[in-house]
Amino acid sequence: MNSFAVWLSTTFPSVFLQTHEAWAIPIVQSLHITGIGIAVGSALMITLRVLGWAGTDQTLQENRMRFGPWLTGALCLLLASGLLLILAEPVRELITISFWLKMFCVAAMVLIFNAYQASVRKHGSHWEQTLLKRRSVRLAAVLTFILWGCIIILGRLIAYDHIWGHLSPATKA
Amino acid sequence: MDFSVLLKSLENSSLASSLRSSLYFFPFLEAIHVMALGMVFGTILVVDLRALGFASKNRSFIRISSELLPITWGAFAVSALTGSLMFITNARVYAHNTSFQIKMLLLLLAGLNMAVFHLTAGRTTAKWDRAPSAPGIGRVTAAVSVGVWIAVIFAGRVIGFTTTGAQAKEAPPPTINFDDFLSGTPGDSAPAPSAGQTKRAPVDQR
């Protein structure tokens, strides 16, 4: 991974971003955080509806149709800005434990989100009548939202990977 | 109290010293600050898009705002607390940082914009609660709100790029000893570290 990160840092798009890092990185990071705001707002609305704490004037299907596309769009913005951030600083991003833990959480969250969307699309009434009443489903909704918290915290900790001590590859690099 | 004295006393407080000397406090404060700000922006965006008539057009505005605004305020409180704690770790540098000053002005603007909404379209929500969008002034304040909060995110992020590694500068001594110039040992006149300054943990912030 070290040699890949070093190679990536010599490619044209990476060199371009490094050359213009004074304005490019703050702008891309700000877009990334804006995407996080949209994603976490949409995820919160879906979670609150599943828990029955807000948006109960909408069916689960209506709630999914309202916030699902916004969450998907925000994930696309996060992916695009995230890739640019990796290109801009490959070693700083890829050689950290925080980054890989974040990617693990993102992968888990995307799988859960897609499975939820597909299931509500096909079995909306079963969700409304049975699944929403299950404690396990409500617990899963809370845990998925906590996963968003972990993603955000780990994302910011990429800048402070030293907090992991010897577990951080950045301390050995 | 003189503002610079207040800033220095904040920086020299025992709380600021412990935050500065820890490897862990600042990163976690910043991470929680970003998470809280994301919640503030995300929930405000849902309400503003409803007022603008871009989304949830068939839902009650009063219902959406009353369900979400307590969460917005809670997240804002967390954001303000973590922001204040980060501020005191290096108060003089932040206070004189242009991006920080812009961010504070933008927060003030967001507050004023909210006041304008409450004094205008906010007074008649019962009339347009089920309408596809808020009346003219309500749509203007909603659009301003979205723009201002995105600008808050941008200004906030730039702070990290313009303060990293910066340390508060001591004011020059009020009197100049000309002997220092004549002796040719300028290093001797360097100010000693002030009392209460603690060792700083390495901070990236970028």
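Within every chain, numbering begins at 1; the chains are lettered A, B, ... in the order of the sequence lines, protein sequences first and strands thereafter.
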Quiz item: A:Leu31 versus chain B, heavy atoms under 4.5 Å apart: side chain, backbone, both or neither?
Solution: both
Practice problem: Below 4.5 Å from any heavy atom of chain A, which atoms of B:Leu37 appear? Answer side chain, backbone, both or neither. | Solution: neither
Quiz item: Checking heavy atoms, do the side chain of A:Glu62, its backbone, both or neither come under 4.5 Å from chain B?
Solution: neither
Exercise. Let me know if B:Leu45 has heavy atoms under 4.5 Å from chain A in its side chain, its backbone, both or neither.
Key: side chain
Quiz item: Going from OH on B:Tyr24 to NE2 on A:His162, what distance comes out if it is rounded to the nearest 0.5 angstrom?
Solution: 7.5 Å
Quiz item: Looking at B:Arg157 and A:Ser30, what are the two nearest heavy atoms and their distance?
Solution: CB-OG, 3.4 Å
Quiz prompt | For chain B, the option from A:Leu44, A:Asp57, A:Leu157 that forms the most heavy-atom pairs under 4.5 Å | solution = A:Asp57
Quiz item: So which part of A:Ile151 gets closer than 4.5 Å to some heavy atom of chain B, the side chain, the backbone, both or neither?
Solution: neither
Quiz item: Would one find more than 12 heavy atoms of other residues, nucleotides or ligands at under 6.0 Å from atom CE of A:Met103?
Solution: yes
Exercise. Decide yes or no for B:Val46 and A:Trp70: does some side-chain heavy atom of the first lie under 4.5 Å from some side-chain heavy atom of the second?
Key: no
Quiz prompt | Distance (rounded to the nearest 0.5 Å) between B:Ile150 CD1 and A:Thr34 OG1 | solution = 5.5 Å
Practice problem: Could you grab the distance from atom CE of B:Met35 to atom CZ of A:Arg156, nearest 0.5 Å is fine? | Solution: 14.0 Å
Quiz prompt | Interface residue of largest heavy-atom contact number with chain A, from B:Arg59, B:Met39, B:Glu67, under 4.5 Å | solution = B:Arg59
Quiz item: Which heavy atom in B:Val158 sits nearest to a heavy atom in A:Pro26, and how many Å separate them?
Solution: CG2-CB, 4.1 Å
Quiz item: Can you tell which of A:Ser42, A:Gly55, A:Gly155 has the highest number of heavy-atom pairs within less than 4.5 Å of chain B?
Solution: A:Gly55
Quiz item: Looking at NE2 of A:His32 and CD1 of B:Ile153, how far apart are the two atoms once the value is rounded to the nearest 0.5 Å?
Solution: 12.0 Å
Quiz item: Which region of A:Ser98, side chain (C-beta onward) or backbone (N, CA, C, O), has a non-hydrogen atom less than 4.5 Å from a non-hydrogen atom of chain B, or is it both or neither?
Solution: neither
Quiz item: Relative to chain B, which segment of A:Trp23 carries a heavy atom at a distance below 4.5 Å: side chain, backbone, both, or neither?
Solution: neither
Quiz item: Relative to chain A, which segment of B:Leu68 carries a heavy atom at a distance below 4.5 Å: side chain, backbone, both, or neither?
Solution: side chain
Quiz item: For B:Phe87, does the CZ atom have more than 12 heavy-atom neighbours from other residues, nucleotides or ligands under 6.0 Å away?
Solution: yes
Quiz item: Where do A:Ile163 and B:Pro27 come nearest, in terms of heavy atoms and distance?
Solution: CG2-CG, 4.0 Å
Practice problem: Evaluate the criterion side chain to side chain contact (heavy atoms under 4.5 Å, CB included) for residue pair A:Met45 and B:Ile64; output intermediate values, then yes/no. | Solution: CA-CA 10 Å; A:Met45 297 308 290; B:Ile64 292 176; 5.5 Å; no
Practice problem: For residues A:Gly37 and B:Phe41, report the shortest heavy-atom separation together with the two atoms involved. | Solution: CA-CD2, 3.8 Å
Quiz item: Got a sec: does the CZ of B:Phe25 have more than 12 other heavy atoms crowding it under 6.0 Å?
Solution: no
